[in-house]
Amino acid sequence: MATSFFKKDSTDIITQNLLGHELTYNSPKGIIGGLIVEAEAYMGIEDTAAHSFQGHRSSANEALYAQAGTIYIYSIYGHYMLNVATQKVNEPQGILIRALQPTHRIKIMEQNRQQKGVNLTNGPGKLMAALGINSLELNLCPLQQTPLDISNRRVKCPQKIIAAPRVNVSQGNWHDRPLRFYVANNPYVSGIKKRDCDFQTNGWQ
DNA sequence: ACATGGATTAACT
DNA sequence: GTTAATCCATGTC
């Protein structure tokens with residue numbers, strides 16, 4: 001993806017615009033990936049939920065301070081989380097990619113994760129496991145220099161985008177800001193109820 | 001964050 | 001009444 005996709009807009013707008021783009025990973029087993037159906041914006045030093053809150057900076061979150069399009073991966077409880085920096089150098093904002101609707105070589109992802117159906121990629125740790133990424137190797141790398149890529153344009157357009165508070169952000173002034181965005185009625189959105197899913201359209205136009 | 005198992009509630013024939 | 005969906009508590013790096 002071209003870095004021009006980022007920077008021109010605020011990170012929350014970029015996050016909404018990212019829904020429907022296709023994330024691909026040129027893995028040793030083949031090209032795998034899917035449509036981005038859920039993501040969260042982290043708005044930088046003002047954002048009480050951001051790793052860069054109040055300018056916090058360490059070797060672990062250095063990627064947030066890098067150029068737009070830089071990959072930021074961190075691990076928690078043995079799971080890996082995929083983020084992308086969205087602004088200019090020293091403007092530490094980013095997007096957490098939370099869920100994919102698989103489109104490429106689904107069987108490979110099923111093997112990587114030992115799961116099937118919506119469970120394959122309906123969470124930030126699950127999608128990384130499905131892709132077979134289980135290290136920090138790509139942290140700090142610009143997207144375009146890695147086997148990971150995001151399509152320049154939307155492959156599909158959401159019928160409707162829902163904005164909601166971020167997952168597991170319960171404290172701080174920003175705890176209830178609507179910075180989690182997802183494709184309404186898409187079955188691969190984390191925590192979505194079956195009764196709210198549209199299995200005909202998956203929420204796309 | 002995720003997987004699992006058990007309890008509770010909803011849906012269906 | 002049976003089956004499915006949802007909710008809740010626990011253990012895990």
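A, B, ... follow the sequence lines: proteins, then strands. Residue 1 opens every chain.
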For the side chain of A:Gln87 and the backbone of A:Asp9, is there at least one donor-acceptor N/O pair under 3.5 Å apart? yes

Expressed as a whole number of angstroms, how long is the span from A:Leu120:CG to B:dA3:C1'? 15 Å

Keeping the roles fixed (side chain from A:Asp149, backbone from A:Thr24), state whether a donor-acceptor pair exists under 3.5 Å. no

OP1 or OP2 of B:dA3 versus the side-chain N and O atoms of A:Lys126: is any pair under 4.0 Å? yes

Checking A:Arg113 side chain against A:Leu120 main chain: does a donor-acceptor pair fall under 3.5 Å? yes

In whole angstroms, the gap separating C1' of B:dA1 from CG of A:Leu96 amounts to 11 Å

Restricting to non-hydrogen atoms, name the atom on A:Val84 and the atom on A:Gly69 that form the minimum distance, rounded to 0.1 Å. CG1-CA, 3.8 Å

Is the distance from OP1 or OP2 of B:dA1 to the nearest side-chain N or O of A:Arg98 less than 4.0 Å? yes

In which stems does DNA chain B show up, taking only runs of three or more Watson-Crick or G-U wobble pairs whose two distances fall under 3.5 Å? B:1-12 with C:1-12

Taking A:Asn202 for its side chain and A:Asn186 for its backbone only, find out whether a donor-acceptor pair lies under 3.5 Å. no

Each nucleotide N or O in nucleotides 10-13 of chain C that has a protein N or O under 3.5 Å away: list the pair and distance.
| from | atom 1 | to | atom 2 | distance (Å) |
| --- | --- | --- | --- | --- |
| C:dC13 | N4 | A:Tyr77 | OH | 3.4 |

Which nucleotide in B:dC2, C:dC7, C:dA5 has an atom nearest any side-chain atom of A:Lys193: C:dC7

Do other residues, nucleotides or ligands put more than 12 heavy atoms under 6.0 Å from A:Glu137 CD? no

Between the side chain of A:Tyr65 and the main-chain N/O of A:Gly55, is any donor-acceptor distance below 3.5 Å? yes

Starting at atom CE of A:Met128, determine the distance to atom C1' of B:dC2, rounded to an integer number of angstrom. 15 Å

For the residue pair A:Tyr182 and A:Ala164, what are the closest heavy atoms and their distance? CE2-CB, 4.4 Å

Position toward the 5' end of DNA chain B (nearest nucleotide), A:Asn168 or A:Gln115: A:Asn168

Over how many whole Å does the gap from A:Asp196 atom CG to C:dA4 atom P extend? 20 Å

